[in-house]
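Everything numeric in this text was worked out from a predicted model, so none of it was measured. Ligands are counted one by one from 1 in listed order, and the atoms in each one are counted from 1 as well.
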Amino acid sequence: MTKIIQISDTHIVPEGTLAYGQVDTAKALAETVATINRLLPQIGPVDLVIVTGDLTERGSEEEYGRFKALMADLDLPYRVLPGNHDRREPMRRSFADAHWMPRTGPLDWQIDLEDFAVIGLDSLTANAAHGTLEPATLSFLTDALAHLSGKPVLAGFHHPPFAVGIEAMDAQNLRNASSLGTALSRHTGQVLMVCGHLHRSIAGLFSGRLCQVCPGTSHAVTLDQRSNAGNSLTKEPGGLLLHEWRDGGFLSHLVPIGTYPGGYPFK
Ligand SMILES: [Fe+2]
Ligand SMILES: [Fe+2]
């Protein structure tokens, strides 16, 4: 049975600093890695961990180095995608030793697992917060889907393809989402879209398929749907998603990051 874990928006900053002066994102990533490693005996085997963007706060090689050092303790292989806080070339250089990291162009990749394929799409728009799937990425997706001929697909990217009512974030979502919908509409197999950016757990239909937004590992975007609410963070608990293939379909579990007392028998 194929299973992957998704984490998102780790926002690693240079050592000795807090993200936005508030959040120890490195501590949260260390706790995320520990949470995954601790879960594995209960849920394993898990094939892969994917990180759907905003690995770092500013896309510096120092921040990527810190991200990699923290992820080195993870007992699973992982792949990454860029978010609006990342920078494509420093990120490419920082993962140059990874076989799945493209040497040129968008940071798109694909991996075929037993029950479904995972297609990672680069939605970064240089020097902008909103997302775009460039023509090269849309071609990559179209070609990948054609070769998969109906095999189920989990498509991962950073920017949500729909609005969620948080005005400041909706202004930064995936601008050419309709092109994504058109490409996916040709696929006859099941599709689950997963993304990040909103630092919240949100599930919605896009183009008739389920799209699951992953919470961040360290902090949330404040749920405030009033107009002109501005953009702020709230220190809600971080979370991760376990996506699995079960009884012929996709299933996603939300798991809070951290250690909680439990295992108490129901009797
Ligand atoms: Fe983020
Ligand atoms: Fe983002």
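Looking only at side-chain heavy atoms (C-beta outward), T10 and D54 stay at 4.5 Å or farther from each other. Considering only heavy atoms from C-beta on, L81 stays 4.5 Å or farther from I50 through its side chain. Proximity of T56 to Y64: side-chain heavy atoms (C-beta onward) are separated by under 4.5 Å at one or more points.
Every side chain to side chain contact (heavy atoms under 4.5 Å, CB included) that L18 has, sequence neighbours left out, goes to D24. Annotation: ring-ring contact (aromatic ring centres under 6.0 Å, His included) contacts of H219 (sequence neighbours excluded): H11, Y20, H199.
Neighbouring protein atoms of the Fe ion (ligand 2) (N, O or S, distance under 2.8 Å, waters ignored): D54 OD2, N84 OD1, H158 NE2, H197 ND1.
Applying the ring pair (Phe, Tyr, Trp, His ring centres under 6.0 Å) definition to pairs two or more places apart or across chains, those involving residues 220-263 are F116-F250, W245-F250.
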